[in-house]
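Written out below as structure tokens is the structure these notes cover.
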Amino acid sequence: QVQLVESGGGSVEAGGSLRLSCTASEDITTTSCIGWFRQAPGKEREGLATIVTRSNKPYYADSVKGRFTISQDKFKATVYLQMNGLNVEDTAVYYCASARGICYYADIGIPSSAYDNWGQGTQVTVSR
């Protein structure tokens with residue numbers, strides 16, 4: 001099973017930017033999709049963005065559309081999440097995960113239940 005390692009988290013002031021990386025232990029096209037999720041204390045895990053690895057097609061949750069951008073570098077086996085315009089509500093642990101089947105649904109977005117392989121997470125803290 002592919003192993004995923006997140007990096008790039010940290011602390012930033014409101015309005016700032018961060019780029020998260022998710023590096024896989026093997027060719028990312030062995031997965032269907034790789035997605036980014038976050039979980040804040042006391043809240044459910046939220047799907048933010050996912051990318052279909054073979055087609056390079058991205059999907060976004062409405063909450064981050066226009067601020068976050070997902071991309072991939074197949075040669076580096078890495079999926080990125082560029083986050084701009086960060087605000088305090090973006091503070092959370094961010095995870096990447098891979099899916100082997102359908103990973104995005106028009107009516108429910110990016111459900112975590114569709115992803116079966118998870119990284120360890122990276123903390124993002126946004127201060128005022």
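Count residues from 1 along the sequence.
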Can you find a side-chain donor-acceptor pair between Y115 and T50 that sits under 3.5 Å?
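Their side chains do contain a donor-acceptor pair, which is all the 3.5 Å distance test asks for.
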Out of T30, N117, D116, which residue meets the side-chain hydrogen bond (donor to acceptor under 3.5 Å, both in side chains) rule with R100?
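By the side-chain hydrogen bond (donor to acceptor under 3.5 Å, both in side chains) criterion, R100 pairs with just one of T30, N117, D116: D116.
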Between [X] and [Y], which heavy-atom pair has the shortest distance, and what is it?
X: L4; Y: A24; value: CD2-CB, 3.8 Å
X: S21; Y: T78; value: CB-CG2, 4.1 Å
X: A61; Y: G47; value: CB-O, 3.3 Å
X: C33; Y: G101; value: SG-O, 4.4 Å
X: C103; Y: A99; value: CB-CB, 3.9 Å

Would you compute the distance between atom [atom1] of [X] and atom [atom2] of [Y] and round it to the nearest 0.5 angstrom?
X: S98; Y: Q1; atom1: OG; atom2: CD; value: 6.5 Å
X: E89; Y: S63; atom1: CD; atom2: OG; value: 11.5 Å
X: T69; Y: N84; atom1: OG1; atom2: CG; value: 6.5 Å
X: I110; Y: Y104; atom1: CD1; atom2: OH; value: 7.0 Å
X: E6; Y: C96; atom1: CD; atom2: SG; value: 4.0 Å
X: L81; Y: W36; atom1: CG; atom2: CH2; value: 6.0 Å

Decide whether [X] and [Y] are clustered together by the hydrophobic rule: side chain heavy atoms of Ile, Leu, Val, Met, Phe, Trp, Tyr closer than 4.5 Å, transitively.
X: I70; Y: L86; answer: yes
X: V12; Y: M83; answer: yes
X: V64; Y: V79; answer: yes

Cation-pi check, K65 onto F68 ring (under 6.0 Å, within 45° of axis):
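Here K65 fails the 6.0 Å and 45° test against F68.
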Can a cation-pi geometry be assigned to R38 and Y95, taking NZ or CZ under 6.0 Å from the six-membered ring centre and within 45° of the ring axis?
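R38 over Y95 ring: no.
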Could you give me the CA-CA distance, side-chain angles and deciding distance for Q82 and S71, then say whether side chain to side chain contact (heavy atoms under 4.5 Å, CB included) is met?
CA-CA 8 Å; Q82 177 67 43; S71 62; over 6 Å; no
Given 3.5 Å as the limit, does a donor-acceptor pair link the side chain of [X] with the main chain of [Y], or not?
X: Q72; Y: T53; result: yes
X: T125; Y: S11; result: no
X: Y59; Y: A106; result: no

Does CD belonging to E26 count more than 12 external heavy atoms closer than 6.0 Å?
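Atom CD in E26 is crowded, with more than 12 foreign heavy atoms closer than 6.0 Å.
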Determine whether more than 12 heavy atoms belonging to other residues, nucleotides or ligands lie under 6.0 Å from atom CZ of R67.
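Count over threshold, so yes.
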Side chain to side chain contact (heavy atoms under 4.5 Å, CB included) partner of I28, the single match among I34, I51, T23, V2:
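Of I34, I51, T23, V2, side chain to side chain contact (heavy atoms under 4.5 Å, CB included) with I28 is met by I34 alone.
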Would you say the side chain of L20 lies within less than 4.5 Å of the side chain of Y80, judging by non-hydrogen atoms?
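Y80 vs L20: side chains apart.
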Taking the side chain as C-beta and beyond, is there a heavy-atom pair between Q123 and Y94 under 4.5 Å?
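The answer is no, as the side chains (C-beta and beyond) never meet within the 4.5 Å cut-off.
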Salt-bridge test for K74 and D27: reply yes if a basic N is under 4.0 Å from a carboxylate O, no otherwise.
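Looking at K74 and D27, the cut-off is not met.
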List the steps and the verdict of ring-ring contact (aromatic ring centres under 6.0 Å, His included) for W118 and F37.
CA-CA 10 Å; W118 293 79; F37 298 78; 4.8 Å; yes
